[in-house]
Amino acid sequence: MAGYNKNFELSVEDLALIEDALRKETAKAPVENSDAKRRARDVHDLLGRLHNQKRFYRPRNGVYVGG
């Protein structure tokens, strides 16, 4: 039996494309029944997990000014 590949080779651009496609999917899909609501929630959770894996730049020295 085949197993799952746990190592993915995706670029930052690949992930941005996936995120954009998922956002467009949820924006166009009407959320009328329980299946659609569950799917929208699953896509939203996936987008959150992708976001949480990002590393944001923060300078090591000096004051960080966000915005």
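- For the pair Asn52/Leu50, no side-chain contact is recorded, criterion being any heavy-atom separation below 4.5 Å from C-beta on.
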Atom pairs and distances, side-chain donor-acceptor, residues 10-19, under 3.5 Å, sequence neighbours left out:
{"unit_1": "Ser11", "atom_1": "OG", "unit_2": "Glu13", "atom_2": "N", "d": "3.4"}
{"unit_1": "Ser11", "atom_1": "OG", "unit_2": "Glu13", "atom_2": "OE1", "d": "3.3"}
{"unit_1": "Ser11", "atom_1": "OG", "unit_2": "Asp14", "atom_2": "N", "d": "3.1"}
{"unit_1": "Ser11", "atom_1": "OG", "unit_2": "Asp14", "atom_2": "OD1", "d": "3.4"}
{"unit_1": "Ser11", "atom_1": "OG", "unit_2": "Asp14", "atom_2": "OD2", "d": "3.3"}
{"unit_1": "Asp14", "atom_1": "OD2", "unit_2": "Ser11", "atom_2": "N", "d": "3.0"}
{"unit_1": "Glu19", "atom_1": "OE1", "unit_2": "Lys54", "atom_2": "NZ", "d": "3.4"}
{"unit_1": "Glu19", "atom_1": "OE2", "unit_2": "Lys54", "atom_2": "NZ", "d": "3.3"}

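- Rounded to the nearest 0.5 Å, atoms CG (Leu22) and OG1 (Thr26) are 7.5 Å apart.
- Evaluation of the ring-ring contact (aromatic ring centres under 6.0 Å, His included) test over residues 30-53, restricted to residues two or more places apart or in two chains, returns His51-Phe56.
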Show me, pair by pair, the donor-acceptor contacts under 3.5 angstrom made by side chains of residues 34-41, not counting sequence neighbours?
{"unit_1": "Asp35", "atom_1": "OD1", "unit_2": "Arg38", "atom_2": "NH2", "d": "3.3"}
{"unit_1": "Arg41", "atom_1": "NH1", "unit_2": "Asp45", "atom_2": "OD1", "d": "3.2"}

